[in-house]
Amino acid sequence: MSEQLISRNKENFAVRCLKGIGYWLLGSFMCIFLCMSMLVLMRSLLVLKFFVAFCTTAIMLGLMFNWAHYSAKRDRNAIKYHNMEYDKYMPLKMSLTAPVISYVMVVLLFLSKLGVIGDIFNYFMYIDMWLVPYVKIFTEETVITAVPWWGVFGLTILVLLQPAVISVTYILTYKDVDVAKELMYKK
């Protein structure tokens, strides 16, 4: 009954986008505190770098999952109970909006690596703090020349995990697919 009351009115897309960006910012701030508290220890222990990388990824992707999950539930209930119209492009729209800051930073990172603009690697790491443990795995330096091309492509793939999680979560939640049930109890 409470889900039906939540979905009476269709959520404004601009508000949904701002919520997504808010989730992204919340994840960034949480990762800043985690990385700053572990930065000294990460210099010497490779295992800790992997552990912190796993934690920051879980924080950021978990928040993206949460936002997409509840948005899909809201949409599913609005369509099911209140005859709202389904927007088949919603997963794509959501995937493009929430991590927009990460997209801009990746483009700037590529331009910096190519030498088109100055070194913005420090800014990249401050803004996408959840990627710092991954950077620390392959270099301790904070200049773009210390990052190999495979590292730039690896960071790009990590950034692209955000829209993948958002899209897959939205689609599976909207279709009411219980992934755990499918994996565990499928005959």
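Nothing fancy with the numbering, it's 1 onward along the sequence.
With hydrogens and angles ignored, the 3.5 Å screen pairs no side-chain donor or acceptor of Ser112 with any backbone N or O of Leu108. With Asp119 contributing its side chain and Ile144 its backbone, the two residues share a donor-acceptor pair below 3.5 Å. Side chain of Arg76 to backbone of Thr173: a donor-acceptor contact under 3.5 angstrom is found. Under a 3.5 Å cut-off, the side chain of Lys93 and the backbone N or O of Asp87 do not form any donor-acceptor pair. Ser167 contributes no side-chain N or O that, together with a main-chain N or O of Ala164, makes up a donor-acceptor pair within less than 3.5 Å.
Separation of atoms CG (Leu46) and NZ (Lys136) is listed at 13.5 Å; rounding is to 0.5 Å. Atom CD1 of Ile79 and atom CD of Glu85 lie 8.5 Å apart (nearest 0.5 Å). A distance of 12.5 Å separates CD1 in Ile171 from CE in Met90, rounded to the nearest 0.5 Å. With rounding to the nearest 0.5 angstrom, the CZ atom of Arg74 is 12.5 Å from the NE2 atom of His69. Ser95 contributes atom OG, which lies 11.0 Å from atom OH of Tyr170 (distance to the nearest 0.5 angstrom). In this structure, CE on Met125 lies 5.0 Å from CZ on Phe121, to the nearest 0.5 angstrom.
A donor-acceptor contact under 3.5 angstrom links the side chains of Tyr134 and Thr57, judged on distance only.
By the criterion of side-chain heavy atoms lying less than 4.5 angstrom apart, applied directly or through intervening Ile, Leu, Val, Met, Phe, Trp or Tyr residues, Val152 is grouped together with Leu111 in one hydrophobic cluster. Grouping the Ile, Leu, Val, Met, Phe, Trp and Tyr side chains by contacts below 4.5 angstrom, directly or via other members, places Met38 apart from Val47. Criterion: ILVMFWY side-chain heavy atoms under 4.5 Å apart, direct or through other members. Under it, Trp67 and Ile101 are part of a common hydrophobic cluster. Follow the hydrophobic side-chain contacts under 4.5 Å out from Ile59 and you never reach Phe33; the two are in separate clusters. Hydrophobic clustering of Ile, Leu, Val, Met, Phe, Trp and Tyr side chains at less than 4.5 Å, counting indirect connections, unites Ile166 with Phe13.
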Tell me, with the steps shown, if Leu131 and Val159 meet side chain to side chain contact (heavy atoms under 4.5 Å, CB included). CA-CA 8 Å; Leu131 298 173; Val159 166; 3.7 Å; yes
Audit row: Phe124, Val106, side chain to side chain contact (heavy atoms under 4.5 Å, CB included) steps and yes/no: CA-CA 8 Å; Phe124 174 81; Val106 164; 4.2 Å; yes
Yes or no on side chain to side chain contact (heavy atoms under 4.5 Å, CB included) for Met129 and Thr56, after CA distance, side-chain angles and deciding distance? CA-CA 8 Å; Met129 186 62 81; Thr56 58; over 6 Å; no
Using the rule given for side chain to side chain contact (heavy atoms under 4.5 Å, CB included), can you reason through Met60 versus Ser28, listing the C-alpha separation, both sets of side-chain angles and the distance that settles it, and then say yes or no? CA-CA 7 Å; Met60 185 58 79; Ser28 293; 3.6 Å; yes
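Between Phe153 and Phe110, the gap from one ring centroid to the other is short of 6.0 Å.
When all heavy atoms of Met94 and Pro99 are compared, the pair lying nearest together is O-CD, 4.2 Å. Minimum interatomic distance between Pro133 and Lys49 (heavy atoms only, all atoms of both residues): CB-O, 3.7 Å. Here the shortest heavy-atom pairing between Ile127 and Trp24 reads O-CH2, 3.5 Å.
Side-chain contact between Ile120 and Ile117: present, with at least one pair of heavy atoms (C-beta onward) separated by less than 4.5 Å. When side chains are defined from C-beta on, Leu161 does not count as touching Met64, because their heavy atoms never get closer than 4.5 Å.
A salt bridge does not link Lys73 to Asp176: none of the charged nitrogens lies less than 4.0 Å from a carboxylate oxygen.
More than 12 non-hydrogen atoms from other residues, nucleotides or ligands lie less than 6.0 angstrom from CZ of Phe138.
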